[in-house]
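Taking it in order: structure first as structure tokens, then the write-up.
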Amino acid sequence: MLADLHAHTWFSDGTLSPRALLERAAARGLTHLAITDHDTTAAFESIEPDWIAGGLQLLRGVEISTLWERQEIHIVGIGIDCANATLQALLQDQQRLRRDRAAAMDMSLQKAGICGLMDYLATLPCTAVGRNHVAQFLLDRGIARSKEHAFKNFLGDKGKYAASARWCSIEEAVKAIRTAGGIAILAHPNRYRISNPALRRLVSEFAAAGGEGLEVSYSNLDADRLDHLASLCLANGLWASTGSDFHSPGSHWMDLGKFRLLPARCAERAIWLHPGWPGCARNEMRVTLSGA
Ligand code: AMP
Ligand code: MN
Ligand code: MN
Ligand code: MN
């Protein structure tokens, strides 16, 4: 079992097509892959059943940006029905917020004499435009030295060209995921710049809103931190999830399947034992596509 339940394609801010991502997932020995693009499920519209090699199982997923106490918190949903109207209405709103935010960043860039962001964005295959794309634009223009530099100086909270978006609430995201038959998972809990008490509050409010999973193991997580997240997960009665948050082959430290195994004490709470786990009874993607 090697389940990578958090990965991006070029329909959001990943660099691979869905087909290339599926090939890489099979080559890296994954048993399960969830594609979880930011605020879009467009990747699933193009996938052909014969792109899914060998024993790989593909789960439908999404990663929704939310606002909680003025922090941007990401909620992953897996096993979702992409045709669900409630979920798609929410994702359409989120995509509009993303376009509006890009336009606001373009305005401040133009005021600084940097033109062409919107033309650049129009050349991309993405459905959900993000700050990663803007960072790449700044890199191509020689304005940023690296993606990290772009986020730190230009696009992060206090960045020169930053613009905010009024994302939906955690409750709305969880509700939409559940209405679409999915399992809601709090993504990369240690990547938020919040204190430990705030993190505990976040996890318990997420669980109270109907969230069911916590990412316990993901890229660049040391053993102590993983242990802490395992405790947080079990203390809140959540299911433990694993995922790389893969974006690009260039970021080899975040490659598909590259994360620690769940600790033994999470064995009974691994997310693939959840009664609603889509791979439990069948390979949902194959069934739906071959039956379509
Ligand atoms: P957005 O969803 O448009 O707000 O952008 C968030 C995305 O930007 C994350 O999913 C990451 O892919 C990327 N990101 C955020 N912070 C950084 C950073 N410091 N360096 C590189 N990429 C980042
Ligand atoms: Mn991203
Ligand atoms: Mn995220
Ligand atoms: Mn992600």
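In each ligand, atom 1 is the first atom listed, and ligand 1 is the first ligand listed.
In this structure, W272 and W277 have perpendicular ring planes: the angle between them is above 60°, well past the 30° mark.
Using a cutoff of 4.0 Å between basic side-chain nitrogens and carboxylate oxygens, R28 and D4 are not scored as salt-bridged. Using a cutoff of 4.0 Å between basic side-chain nitrogens and carboxylate oxygens, E215 and R191 are not scored as salt-bridged. Salt bridge status for R99 with D106: absent, with no side-chain N to carboxylate O gap under 4.0 Å.
Listed by chain and residue number, the protein N/O/S atoms under 2.8 Å of the Mn ion (ligand 3) are E63 OE2, H74 ND1, H188 NE2, with waters left out.
Here the rule is ring-ring contact (aromatic ring centres under 6.0 Å, His included) with H38, and of H6, H8, H133 only H8 fits it.
Looking at R178, its side chain never comes within 3.5 Å of a backbone N or O of A184 through a donor-acceptor pair. With hydrogens and angles disregarded, a donor-acceptor distance shorter than 3.5 Å links the side chain of T66 to the backbone of I73.
With 3.5 Å as the limit, one finds no donor-acceptor pair spanning the side chains of Q136 and N132.
Residue contact annotation: H8 places an N/O/S atom under 2.8 Å from the Mn ion (ligand 4).
With a 4.5 Å cut-off on side-chain heavy atoms, Y120 and D140 count as touching.
Counted within 6.0 Å of NZ on K175, heavy atoms from surrounding residues, nucleotides or ligands total 12 or fewer; the atom is thus considered open.
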Distances for all N or O pairs of ligand 1 and the protein under 3.5 Å?
residue  : atom   : partner : partner atom : Å
ligand 1 : 2 (O)  : R98     : NH1          : 3.4
ligand 1 : 2 (O)  : R98     : NH2          : 2.9
ligand 1 : 3 (O)  : R98     : NH1          : 3.2
ligand 1 : 3 (O)  : R101    : NH2          : 2.6
ligand 1 : 3 (O)  : R131    : N            : 2.8
ligand 1 : 4 (O)  : E72     : OE2          : 3.2
ligand 1 : 4 (O)  : R101    : NH1          : 3.0
ligand 1 : 4 (O)  : R131    : NE           : 3.0
ligand 1 : 4 (O)  : R131    : NH2          : 3.0
ligand 1 : 10 (O) : H38     : NE2          : 3.0
ligand 1 : 12 (O) : D13     : OD2          : 3.2
ligand 1 : 12 (O) : N132    : ND2          : 2.9
ligand 1 : 12 (O) : H247    : NE2          : 3.0

